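What follows is one structure encoded as structure tokens, with my remarks underneath.
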2 protein chains.
Amino acid sequence: MSDPLDAIFAALADPTRRAILTMLLEDDMAVTDVAAPFDMSLAAISKHLAILTRAGLIAQEKRGRVKWCKLDPDAMRLASIWMQGFGQFEPVNLDAFERFLAAELDGA
Amino acid sequence: MSDPLDAIFAALADPTRRAILTMLLEDDMAVTDVAAPFDMSLAAISKHLAILTRAGLIAQEKRGRVKWCKLDPDAMRLASIWMQGFGQFEPVNLDAFERFLAAELDGA
DNA sequence: GGCATATTCAACCATCCGGTTGACGATCCC
DNA sequence: GGGATCGTCAACCGGATGGTTGAATATGCC
């Protein structure tokens, strides 16, 4: 009934969660390590991670007693595709193009 | 103090507001006309439009007693650029590349 | 077994959000 | 002027959100 974009954009609306995603861009991390830089209880971070997981933005995998968090690109891509529908209002965006190319080449 | 992305993503998280943005893709509209297809009070739509305006996703201009709403692409572009930072996790994504090009060319 | 570590659960709290209704201010038009 | 239309404001309501704390559940290690 509810659009997955609801959960994706809602998850992205919180600065703590966006910061977590940015951290995960560097490397996969355990929950405790994700929580370390934040001035906030571990339980709060655990909730944030649950929200990111429900939105499909990250995936969590338990190995031993440690739960590893890693980015899951599908949800972000879905949101990005939705937004591209509005791209026709942008003047030709060479900056974005360069970033796109750089990202693609880096990933190759 | 608060990141503009907070307001942008929060605004995009609501399906009514995303629908409004899609409608405005067709044409600029008056508040009453925006409200027409929704099963919801005019006041509720007015609030949604205020949220979209505060996020910078639309601009409102009053001409006579009618307030016109139109897309304002800057905010969406900001969000889109933020998301592109996560593209490197996609395997070389030709689909996305084609969509990117199509959107850019369409806008040209 | 028994203790330390990693993470979640449960209950609670304050605040925000999305909706309603009714009154109000502006503007158009006769 | 006065009535109809356009839109917002204010107060209210229920439910979601983001945080806390303390207890509970795994798991690893000696």
Side-chain angles (χ1 to χ4, degrees), chain A residues 1-24 27-70 72 75, chain B residues 1-24 27-70 72 75:
Chain A
M1 201 68 170
S2 84
D3 195 316
L5 289 175
D6 291 6
I8 295 171
F9 284 126
L12 293 176
D14 185 275
T16 301
R17 289 192 291 261
R18 287 199 308 278
I20 290 174
L21 290 173
T22 301
M23 291 164 56
L24 291 177
D27 212 345
D28 300 355
M29 296 178 79
V31 173
T32 304
D33 296 329
V34 170
F38 296 98
D39 186 20
M40 190 182 305
S41 73
L42 184 62
I45 296 294
S46 179
K47 280 192 193 178
H48 280 305
L49 291 171
I51 289 170
L52 288 168
T53 302
R54 248 179 285 124
L57 287 161
I58 68 171
Q60 291 183 290
E61 180 201 356
K62 193 167 173 182
R63 277 208 303 276
R65 63 181 160 172
V66 175
K67 203 164 185 178
W68 292 89
C69 309
K70 64 171 202 187
D72 187 350
Chain B
M1 200 67 177
S2 84
D3 195 316
L5 289 174
D6 290 6
I8 295 171
F9 283 126
L12 293 176
D14 185 274
T16 301
R17 288 191 292 261
R18 287 198 309 278
I20 290 174
L21 291 173
T22 302
M23 290 164 56
L24 291 177
D27 212 344
D28 299 355
M29 297 178 78
V31 172
T32 305
D33 295 329
V34 169
F38 296 99
D39 188 19
M40 191 182 305
S41 72
L42 183 61
I45 297 294
S46 178
K47 280 192 194 177
H48 281 304
L49 291 170
I51 290 171
L52 288 168
T53 301
R54 248 179 285 125
L57 287 160
I58 69 171
Q60 291 183 290
E61 179 200 357
K62 193 167 174 182
R63 278 209 302 275
R65 64 180 161 176
V66 174
K67 203 164 183 176
W68 292 90
C69 310
K70 65 171 201 188
D72 188 350

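Note that the structure is predicted; figures quoted are calculated from it, not measured.
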key: Nearest heavy atoms of B:Met23 and B:Pro37, plus distance in Å   =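 In terms of heavy atoms, the two residues are closest at CE-CG, 3.8 Å.
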
query = Which pair of heavy atoms, one from A:Ala35 and one from A:Ile45, lies closest together, and at what distance?
reply =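 Closest approach of A:Ala35 to A:Ile45: CB-CG1, 3.7 Å.
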
Nearest-0.5 Å distance, [atom1] of residue [X] to [atom2] of residue [Y]:
X: A:Asp14; Y: A:Ile51; atom1: CG; atom2: CD1; result: 7.5 Å
X: A:Leu52; Y: A:Thr16; atom1: CG; atom2: OG1; result: 10.0 Å
X: A:Met29; Y: A:Leu49; atom1: CE; atom2: CG; result: 10.0 Å
X: B:Ile20; Y: B:Ile58; atom1: CD1; atom2: CD1; result: 7.5 Å

For [X], what residues pass the side chain to side chain contact (heavy atoms under 4.5 Å, CB included) criterion, not counting sequence neighbours?
X: A:Ala19; result: A:Phe38
X: A:Ala75; result: A:Ile8, A:Leu57
X: B:Pro15; result: A:Asp6, B:Arg18
X: A:Ala13; result: B:Phe9, B:Ala10

query = Reading nucleotides 21-30 of chain D from the 5' end, what letters show protein touch, with B for base, S for backbone sugar-phosphate only, - for no heavy atom under 4.0 Å?
reply = B----SBS--

query = What bend angle does the helix from C:dG1-D:dC30 to C:dC24-D:dG7 show across its length, from five-pair end axes and to the nearest 10 degrees?
reply =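 Overall, the helix from C:dG1-D:dC30 to C:dC24-D:dG7 bends by 30° from one end axis to the other.
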
inquiry  = Does anything in residues 30-40 of chain A come within less than 4.0 Å of DNA chain C? Heavy atoms only, and list the residues if so.
reply    =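 Residues of residues 30-40 of chain A that come under 4.0 Å of DNA chain C are, in numerical order, A:Ala30, A:Val31, A:Thr32.
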
message = Under 4.0 Å, heavy atom to any atom of DNA chain C: which of residues 45-57 of chain A qualify?
response =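 Listed by number, they are A:Ser46, A:Lys47.
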
query = Restricting to pairs with a member in residues 30-58 of chain A, which pass salt bridge (charged side-chain N to carboxylate O under 4.0 Å, His left out), not counting sequence neighbours?
reply =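 Counting only pairs at least two positions apart or across chains, no salt bridge (charged side-chain N to carboxylate O under 4.0 Å, His left out) contact touches residues 30-58 of chain A.
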
inquiry  = Pick the closest DNA chain C nucleotide for A:Trp68 and for B:Arg17 by heavy atoms, then say which residue is nearer the 5' end.
reply    =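 By nearest-heavy-atom nucleotide position, the 5'-most residue is A:Trp68.
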
Under 3.5 Å, side-chain donor or acceptor atoms of residues 60-69 of chain B against the rest of the protein: list the pairs with distances, not counting sequence neighbours.
from, atom 1, to, atom 2, distance (Å)
B:Gln60, OE1, B:Thr53, OG1, 3.0
B:Glu61, OE1, B:Arg63, NH1, 3.4

ask   = Of A:Asp14 and B:Gln60, whose nearest nucleotide on DNA chain D comes first from the 5' end?
value =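 The answer here is B:Gln60.
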
request  = Walk along DNA chain C from 5' to 3' and tell me the first and last nucleotide with an atom closer than 4.0 Å to a non-hydrogen atom of chain A.
outcome  =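 It runs C:dA4 to C:dA11.
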
